[in-house]
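Worksheet: one structure, shown below.
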Amino acid sequence: MESLASNKIIKLSKSCISQSEKEAVMTVLDAEFLGMGQNVEEFEKSLTTLFGRNAVCVSTGTAALQLALQAIGIGSGDEVLVQSLTYVASFQAISATGAKPVACDIDPDRFCIDLLDAEKRITPNTKAIMPVHYCGGVGVLSEVYSFAKIHGLRVVEDAAHAFGSEYKGQKVGSFGDIACFSFDGIKNITSGEGGCVVSNDEKVIEKIRDARLLGVEKDTEKRYAGERSWDFDVTSQGWRYHMSNIMAAIGVVQLSNFQIAADKRCNLAKHYVKRLSDCPELKLIPLNYDEVVPHIFVIELCGVITRDNVRKALNSKNVQTGIHYKPNHWLTYYKDEAIRPLVVTDSIFEKLLTLPLHADLSFSDVDTVCDNLLAEIS
Ligand SMILES: *Cc1c(COP(=O)(O)O)cnc(C)c1O
């Protein structure tokens with residue numbers, strides 16, 4: 001009915017789940033083996049095939065980042081370069097290792113780490129750089145790798161937004177040092193919660209396979225064989241960060257249907273671009289949606305109207321919006337009065353607005369969002 005349709009809330013994001021995921025979960029429940037076993041092995045094998053290098057599944061994207069950092073020896077006294085404009089997960093993963101996240105500025109177009117700024121923040125303690133693939137775009141990732149090589153740093157990519165994205169014809173995660181993905185409920189694919197680390201560094205993968213299971217050596221192999229470890233050794237700090245069969249069962253289905261969801265996200269983003277690119281009151285991030293699978297659709301408001309008023313107006317029209325993200329160096333835990341200012345990040349935050357994007361959105365939903373937005377700002 002028309003009256004109902006117009007009252008529909010257009011959600012910023014949501015999980016998109018079909019009958020197949022429900023059936024896959026029921027199969028695991030029926031088998032009564034809910035913990036980490038063969039479904040996780042199957043999901044890891046599919047991911048390993050997809051990326052052409054080893055993937056190891058964990059409980060969240062944050063855990064993936066933390067374990068990746070620990071696997072390359074990052075800990076107390078070390079510093080990791082990371083853009084301030086990211087989800088607090090990136091920062092928490094770094095500080096969880098005992099290391100210090102060093103907030104860096106971003107380039108004003110793609111909102112990825114500004115290497116000139118990052119270079120000025122290098123100290124003898126700097127051990128790694130964590131580029132964040134904001135919205136799904138990777139910025140100038142090849143330059144991040146050259147930068148890392150010059151300065152002797154490891155690279156841990158926060159690819160939480162970039163599952164399925166490509167860079168120079170290669171899938172993100174299929175090249176480079178270490179890439180970490182998130183499968184939380186609203187990411188490009190989900191396993192309920194979950195995440196994975198992808199790398200061709202066998203030592204890193206081996207360490208994470210143990211570290212996610214409390215450091216119990218070779219426990220992964222036992223579990224995949226349907227056995228348990230009774231007589232084992234532990235030689236390092238581990239965590240309870242493994243993935244469950246329930247999660248993996250959802251992930252396997254999502255992965256096999258990924259192309260449909262990815263095409264949907266790309267086409268919705270292209271529709272936004274078509275509707276909004278001529279509007280002088282806003283700026284779009286110049287991403288190529290033939291290679292980027294967008295996790296979120298962020299615009300920068302550049303007219304006189306404030307972001308929070310636009311949000312209120314859209315909300316009153318049943319259009320949800322978001323803010324990605326409050327800069328981490330503004331948070332009490334990560335505040336550092338002594339640091340050089342982050343000029344771009346500090347000025348851009350109040351202009352950022354995230355529009356609805358998920359695989360169950362329709363083109364007419366995008367039109368509704370754009371009609372309301374344009375009416376408000378132009
Ligand atoms: C979602 C996200 C993470 C963490 O993933 P979780 O699975 O939620 O722990 C890390 N970084 C960024 C930029 C994210 O958006």
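As the structure lists them, so they are numbered: ligands from 1, and atoms in each ligand from 1. Note that this is a predicted model, so its numbers are computed, not measured.
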Return the residue, atom name and 0.1 Å-rounded distance of the protein heavy atom closest to atom 15 (O) of ligand 1.
-> His161 NE2, 2.9 Å
So, is the end of the Arg265 side chain (NZ or CZ) under 6.0 Å from the ring centre of Tyr289 and within 45° of the ring's axis?
-> no
Please say whether Tyr325 places an N or O atom under 3.5 Å from an N or O atom belonging to ligand 1.
-> yes
protein heavy-atom neighbour closest to atom 11 (N) of ligand 1 works out as Asp158 OD2, 2.7 Å
Would you say ligand 1 has an N or O under 3.5 Å from any N or O of Ala160?
-> no
Under 4.0 Å to a heavy atom of Ala89 - the qualifying atoms of ligand 1, by number = 3 (C), 4 (C), 10 (C)
Run the numbers for me: atoms of ligand 1, each under 4.0 Å from some heavy atom of Gly194, listed by number.
-> 7 (O)
Excluding Val216, membership of its hydrophobic cluster (Ile, Leu, Val, Met, Phe, Trp, Tyr; side-chain heavy atoms within less than 4.5 Å) reads Leu214, Phe232, Val234
Do you know the tightest heavy-atom contact between Lys283 and Asp109?
-> NZ-OD1, 4.0 Å
Do the charged groups of Glu44 and Arg212 touch, with an N to O distance under 4.0 Å?
-> yes
Would you mind reporting whether Tyr224 and Met36 have side-chain heavy atoms less than 4.5 Å apart?
-> yes
Close-contact set for ligand 1 against Thr86 heavy atoms, below 4.0 Å = 13 (C)
Salt-bridge criterion met for Lys218 and Glu206 (N-O under 4.0 Å) = yes
Distance-only polar pair, side chains of Thr126 and Arg121, donor-acceptor under 3.5 Å = no
Taking everything shown except Ile260 itself, do over 12 heavy atoms lie less than 6.0 Å from its CD1?
-> no
Can an N or O of Tyr87 be found at a distance shorter than 3.5 Å from an N or O of ligand 1?
-> no
Looking at atom 14 (C) of ligand 1, what's its closest protein heavy atom, distance included?
-> Lys187 NZ, 3.3 Å
Can you pull out the closest protein heavy atom to atom 9 (O) of ligand 1? Residue, atom name and distance to 0.1 Å, please.
-> Thr62 OG1, 2.6 Å
Name the closest protein heavy atom to atom 8 (O) of ligand 1, giving the residue it belongs to and the distance to 0.1 Å.
-> Asp184 OD2, 2.9 Å
